[in-house]
Amino acid sequence: MTPSEAINDLFKQKVCWLSDSGPDDDIAISSRIRFARNLSDYDFPIQAADAALCEIRDQVLDCMRHISVSEKIPVREFPMDEISVLDRKFLMERHLISREFVNPRNGAALVTSREQGTFVMINEEDHLRIQVLAPGFQLNSLWDRIDHLDDLLSESLQFAYDKRLGYLTACPTNLGTAMRASVMLHLPGLALTNQIETCVQAIGKLGLTVRGLFGEGSKNQGNFYQISNQSSLGESEQEIIRRLSAIIGQIITNEKKARSLLLASKRSFLLNHVSRAYGLLRHSYLISGSEALEALSALRLGVDMGMFQELKIHTVNELFLLVQRAHLQKYSERELDQNERDEVRASLLREKLNS
């Protein structure tokens, strides 16, 4: 199977981290843990020669193949220089690669499990970015998974490590455990009750960072907020997860209170907000990506609060991906300009929601 064919096969598969089977999945969309690792005998990617980057890629791919066989986990490999820019953007929309990886350096590659819940970026900012994803609020179970994978990789690969500084990374903020743990939250209740800015400011004062739908450098869209630890030096992995989990739990509690407040004291406002969004999505013939995400956010809130008998949350989750640029073009099997995207997006929404 060629990389292009493998991408097309991925498109047909459901995304495990967008399922509706995780804890608190009405508010916590997904959880993620990422490790940054570098091989001790090589320069960081930004300094390494092309030949060295290719050597690193080959070593990591060989190691991942052995792990795939021993752990009985089918994986797929995607050399970044062998797939189109559109397919790279598709992988970014699936949260399998970073925004920076859309324009990769030499020797860049992605290895992902078939269900897309475990993956490794090779030669991004660091030699390895090891990541695991799951639906809902599941940081503790993700820790067990990534810790095991890290142990398996370290049996064959010598990682750069300092007794005082911990794992050595290209960016100083990743020193120490080199771990980023995050939870993607859907917070329309806090947004509609004008509490979200206060919440974001409080999160920052607690040593956490708030990002948008696509992580670092992305803006908030559709009331999605990715909450993660800001530094990884001076705390153990378990301490970071424990502190982050406590704060996420409080944010989820506050979001539930905000939704209850809307239902109790602003019922007409809430029903109008959800109904207008539903009408826009069902009856538009042109709709932009940002319009669609904002309306789907309102629709998701309505589904979560039991306002629809027929419409299911997995349909809304699926649409959050399908309305994005690269997914739209994979769906239509052709390149689309902006006007065509707006038309195809509206048609897709009408088809999915009217059925």
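Quick caveat: nothing in here was measured; it's all calculated off a predicted structure.
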- Message: Applying salt bridge (charged side-chain N to carboxylate O under 4.0 Å, His left out) to Asp87 and Lys330, what does each step give before you reach the verdict?
- Response: CA-CA 8 Å; Asp87 284 346; Lys330 301 298 288 184; 2.8 Å; yes
Please report the closest heavy-atom contact between [X] and [Y], naming both atoms and the distance.
X: Pro45; Y: Leu53; answer: CA-CD2, 3.8 Å
X: Ile122; Y: Val60; answer: CD1-CG1, 3.6 Å
X: Ser228; Y: Ser182; answer: CB-CB, 3.5 Å
X: Ser284; Y: Ile287; answer: CB-CB, 4.3 Å
X: Lys89; Y: Val102; answer: CG-CG1, 3.9 Å
X: Ala170; Y: Asn38; answer: N-ND2, 4.1 Å

- Message: Is the shortest side-chain heavy-atom distance between Phe119 and Val75 below 4.5 Å?
- Response: no
- Message: Do Leu293 and Asn223 make a side-chain contact, defined as non-hydrogen atoms from C-beta onward lying under 4.5 Å apart?
- Response: no
Nearest-0.5 Å distance that lies between atom [atom1] in [X] and atom [atom2] in [Y]:
X: Leu208; Y: Ile247; atom1: CG; atom2: CD1; result: 4.0 Å
X: Ser245; Y: Ile240; atom1: OG; atom2: CD1; result: 11.5 Å
X: Gln238; Y: Thr177; atom1: CD; atom2: OG1; result: 10.0 Å
X: Glu237; Y: Asp150; atom1: CD; atom2: CG; result: 8.5 Å
X: Phe137; Y: Ser30; atom1: CZ; atom2: OG; result: 12.0 Å
X: Ser113; Y: Leu96; atom1: OG; atom2: CG; result: 8.5 Å

Does the pair [X]/[Y] count as a salt bridge with the N-to-O cut at 4.0 Å?
X: Lys12; Y: Asp9; value: no
X: Arg300; Y: Asp304; value: yes
X: Glu291; Y: Arg345; value: no
X: Asp26; Y: Lys256; value: no

Determine, using the 4.5 Å side-chain heavy-atom cutoff (strictly less than), whether [X] and [Y] are members of one ILVMFWY cluster.
X: Phe44; Y: Met80; answer: no
X: Leu286; Y: Leu296; answer: no
X: Leu336; Y: Leu86; answer: no
X: Leu206; Y: Leu190; answer: yes
X: Ile241; Y: Leu233; answer: no

Please indicate whether [X] has more than 12 foreign heavy atoms, meaning atoms of other residues, nucleotides or ligands, lying under 6.0 Å from its [atom1].
X: Arg276; atom1: CZ; answer: no
X: Glu351; atom1: CD; answer: yes
X: Arg267; atom1: CZ; answer: no

- Mind telling me whether His327 and Phe90 have parallel, tilted or perpendicular rings, with 30° and 60° as the class edges?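 The arrangement is tilted - the two ring planes meet at 30° to 60°.
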- Message: Tell me whether the rings of His127 and Tyr42 are parallel (<30°), tilted (30 to 60°) or perpendicular (>60°).
- Response: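 Plane angle over 60°, so perpendicular.
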- Dump the intermediate steps for side chain to side chain contact (heavy atoms under 4.5 Å, CB included) on Thr2 and Glu5, then the final yes or no. CA-CA 5 Å; Thr2 67; Glu5 290 171 336; 3.1 Å; yes
- Query: Cation over ring, Arg350 on Tyr285, under 6.0 Å and within 45°?
  - Reply: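 Yes, Arg350 and Tyr285 form such a contact.
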- Query: Is the distance between the ring centroids of Tyr278 and Phe308 less than 6.0 Å?
  - Reply: yes
- Any chance you could lay out the salt bridge (charged side-chain N to carboxylate O under 4.0 Å, His left out) test for Glu235 and Arg243, step after step, and finish with the verdict? CA-CA 10 Å; Glu235 289 182 286; Arg243 183 165 62 88; 3.0 Å; yes
Establish, from distance only, whether the side-chain atoms of [X] and [Y] form a donor-acceptor pair under 3.5 Å.
X: His148; Y: Glu71; answer: yes
X: Asn354; Y: Arg282; answer: yes
X: Ser156; Y: His66; answer: no
X: Arg88; Y: Asn103; answer: no
X: Arg259; Y: Asn254; answer: no

- Query: For Tyr331 and Phe11, what are the C-alpha separation, side-chain angles and deciding distance, and is it a ring-ring contact (aromatic ring centres under 6.0 Å, His included)?
  - Reply: CA-CA 8 Å; Tyr331 173 80; Phe11 176 74; 7.1 Å; no
- Check against side chain to side chain contact (heavy atoms under 4.5 Å, CB included), Ile252 and Leu185: CA-CA 8 Å; Ile252 289 174; Leu185 300 175; 4.2 Å; yes
- Message: If the test is side chain to side chain contact (heavy atoms under 4.5 Å, CB included), which one of His95, Arg180, Met121 qualifies with Gln131?
- Response: Met121
- Where do Asn174 and Arg34 land on the side-chain hydrogen bond (donor to acceptor under 3.5 Å, both in side chains) test, with the steps shown first? CA-CA 11 Å; Asn174 288 324; Arg34 184 218 75 199; 3.1 Å; yes
- Would you check, one step at a time, whether the test salt bridge (charged side-chain N to carboxylate O under 4.0 Å, His left out) holds for Glu318 with Lys352? CA-CA 10 Å; Glu318 179 188 27; Lys352 294 288 185 179; 3.7 Å; yes
- Message: Once salt bridge (charged side-chain N to carboxylate O under 4.0 Å, His left out) is applied, what residue pairs with a partner in residues 125-147 remain, sequence neighbours excluded?
- Response: Glu124-Arg129, Glu125-Arg129, Asp126-Arg129
- Message: side chain to side chain contact (heavy atoms under 4.5 Å, CB included) for Leu153 and Ile67? Distances and angles first, verdict last.
- Response: CA-CA 8 Å; Leu153 287 165; Ile67 291 172; 3.7 Å; yes
- Met305 and Leu270: side chain to side chain contact (heavy atoms under 4.5 Å, CB included), yes or no, with the steps? CA-CA 10 Å; Met305 297 186 74; Leu270 176 62; 3.9 Å; yes
